[in-house]
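Let me begin by handing over the structure; questions about it come next.
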Amino acid sequence: MVLERPRTPLVAAEVPDPEPGPGQVAVRVRACGVCRTDLHVVDGELADPKLPLICGQQVVGVVAAVGEGAERLRVGDRVGIPWLGWTCGECRYCRSGRENLCVRARFTGYQLDGGYAELTVADERFCLPLPAGATDLELAPLLCAGLIGYRALRMCGDAQRLGLYGFGASAHIICQVAADQGRRVFAVTRAGDEAKQRFARGLGAEWAGGPDELPEQLEAAIIFAPAGELVPAALRACAPGGVVVCAGIHMSDIPSFPYLDLWGERQLRSVANLTRRDGQEFLELAPRIPVRTEVTEYPLTDANRALDELRSGRLIGSAVLIVAE
Ligand SMILES: [Zn+2]
Ligand SMILES: [Zn+2]
């Protein structure tokens, strides 16, 4: 499924099989999660994607061929291909354990072709090992929604009263992790969105409701929804010393707000991308909790419908494209 131009539907197309270059593997895709970032790319909200582009950055597949010099993976290995597709290894961020900020980083489904396809290629060093015993379908949403959400959760320190703003794919995973850690989760949805609120309570949230209905002050908030007006709202909802973490790659403009909302050592920060270590840690942790993903399946050729349903806000949990049986 090919994106020819932003703001146009993906097109089903036959393209030549990608060949693994040095250090790469070819991966036969079995499932690919549909991420909000895919939506931002398709909707033209992220600058300069590779074009034409194959979207998809939560890829579960099996190694089909190994390129020259690749020696960690074997044909038949099941792997996950996440958003972080390549880093330079040389810049000051790479050399200080912050490859998520690499100045030359390349991202899957953005600058590199991703998993809305039967076959893709990836640098073997950035493929993630997957836990045995979980299905392709269950694992796909962990690869971006899960592990970038997990990075955002770590930025909340040991906060007990945690607000999750926007209860989509990422929040539905992180809610389970946070509850397992003994935190009290407050799920903030659109006012009156009872389906999402019920869903959140079923996954361990102590409370779910609209942004103006929070029963207590928070110690931390993660904003998953791409709505800038939630930033001052979340700061106001936090007690002094609290932190607000913006977990998405794109957000509408943040309205101006009084300094008093930030005062009291409240912090506001974003989380960008992931490191390979985040991926490995989270994929080890998830089956121990165990994280249960709520998935709606679509055939690959229905990628546009999956994106539309994600855009509408009605989707519960994660959308996953099934590519091969
Ligand atoms: Zn770098
Ligand atoms: Zn993503």
Side-chain angles (χ1 to χ4, degrees), residues 33-40 42-43 45 141 144-146 148-149 152-153 156 159 161-179 183-239 242-257 261 266 268 270-271 292-296 298 305-320:
V34 178
C35 181
R36 181 162 288 279
T37 301
D38 295 321
L39 204 53
H40 292 314
V42 171
D43 289 348
E45 290 164 334
C144 196
I148 295 182
L153 180 63
C156 295
R161 299 187 304 278
L162 172 70
L164 301 179
Y165 284 71
F167 208 84
S170 203
H172 105 280
I173 295 169
I174 294 313
C175 179
Q176 299 173 59
V177 179
R183 302 183 201 245
R184 299 173 58 202
V185 178
F186 298 78
V188 181
T189 69
R190 287 203 180 93
D193 189 345
E194 281 171 28
K196 289 260 173 76
Q197 292 168 9
R198 219 176 308 119
F199 182 50
R201 283 189 288 264
L203 295 173
E206 167 182 323
W207 175 92
D212 300 327
E213 302 158 10
L214 274 160
E216 301 186 38
Q217 276 196 311
L218 303 172
E219 290 167 283
I222 305 175
I223 302 181
F224 293 108
E229 67 270 19
L230 292 176
V231 170
L235 281 169
R236 278 194 294 276
C238 278
V243 59
V244 173
V245 182
C246 301
I249 191 169
H250 172 83
M251 190 181 252
S252 57
D253 287 353
I254 300 169
S256 109
F257 55 89
D261 293 346
R266 290 176 183 85
L268 174 60
S270 64
V271 151
R292 181 177 69 78
T293 48
E294 175 84 17
V295 168
T296 306
Y298 302 83
R305 187 164 63 86
L307 288 164
D308 285 344
E309 288 180 11
L310 180 59
R311 193 186 286 106
S312 77
R314 286 191 305 272
L315 191 84
I316 297 278
S318 304
V320 176

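Everything numeric here is computed off the predicted structure, so don't read it as measured data. In this chain, numbering begins with 1 at the start of the sequence shown.
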### Message
Could you report the tightest heavy-atom contact between S318 and A169, atom names first, then the distance?
### Response
OG-CB, 3.4 Å
#### Entry: All pairs passing ring pair (Phe, Tyr, Trp, His ring centres under 6.0 Å) where residues 193-218 contributes a residue, at least two apart
F167-F199, H172-F199
### Task
Any chance you could measure L164, atom CG, to L203, atom CG, to the nearest 0.5 Å?
10.5 Å
### Query
Got a donor-acceptor contact below 3.5 angstrom from the S252 side chain to the G228 backbone?
yes
### Message
A195: which residues meet the side-chain contact (heavy atoms from CB on, under 4.5 Å) condition with it, sequence neighbours left out?
### Response
D193, I316
### Query
So which heavy atom on A306 is nearest to which on V34, and how close?
CB-CG2, 4.1 Å
### Task
With sequence neighbours excluded, tell me which residues meet salt bridge (Lys or Arg N to Asp or Glu O under 4.0 Å) with R314.
none
### Task
Check salt bridge (Lys or Arg N to Asp or Glu O under 4.0 Å) between E294 and all other residues, then give those that pass, not counting sequence neighbours.
R292
### CG on L230 to CG on L235, rounded to 0.5 Å
11.0 Å
### Task
Just jot down the side-chain contact (heavy atoms from CB on, under 4.5 Å) partners of R201, sequence neighbours excluded, or say none.
Q197, A208
### Query
Rounded to the nearest 0.5 Å, how far apart are SG of C35 and CG of L310?
8.0 Å
### Task
For Y165 and A234, work out which heavy atoms get closest and say how close.
OH-CA, 3.6 Å
### Task
Applying ring-ring contact (aromatic ring centres under 6.0 Å, His included), name anything that partners F186, two or more places apart in sequence or on another chain.
none
### Task
Would you please name every residue forming a salt bridge (Lys or Arg N to Asp or Glu O under 4.0 Å) with R236, sequence neighbours left out?
D261
### CG on D43 to CZ on R36, rounded to 0.5 Å
9.5 Å
### Query
Which pair of non-hydrogen atoms, one from G210 and one from V188, has the smallest distance, and what is that distance?
C-CG1, 4.0 Å
### Message
My understanding is that only residues two or more places apart in sequence, or in another chain, count here; which of them pass side-chain contact (heavy atoms from CB on, under 4.5 Å) with D308?
### Response
R311
### Message
Going by the rule salt bridge (Lys or Arg N to Asp or Glu O under 4.0 Å), which residues pair with E229 if we only count those two or more places apart in sequence or in a different chain?
### Response
none
### Task
Sequence neighbours left out, what passes side chain to side chain donor-acceptor pair (under 3.5 Å) with E213? Give chain and number order.
none
## Note on the structure
Distance col, row I148:CD1 vs I249:CD1, nearest 0.5 angstrom, shows 8.0 Å
### Task
Ignoring hydrogens and angles, tell me if any N or O in the side chain of R266 forms a donor-acceptor pair with the backbone of C238 under 3.5 Å.
yes
Can you give each donor-acceptor pair under 3.5 Å made by side-chain atoms of residues 217-227, sequence neighbours left out, with the distance rounded to 0.1 Å?
{"unit_1": "E219", "atom_1": "OE1", "unit_2": "Q160", "atom_2": "N", "d": "3.1"}
{"unit_1": "E219", "atom_1": "OE1", "unit_2": "R161", "atom_2": "N", "d": "2.8"}

### Set of side-chain contact (heavy atoms from CB on, under 4.5 Å) partners for E309, sequence neighbours left out
Y298, R305, L315
#### Entry: Euclidean distance, L162 CG relative to L153 CG, rounded to 0.5 Å
6.5 Å
### Summary
Tightest non-hydrogen contact, residues V185 and A178, listed as CG2-CB, 3.7 Å
### A145 to I173 - nearest heavy-atom pair and separation
CB-CD1, 4.2 Å
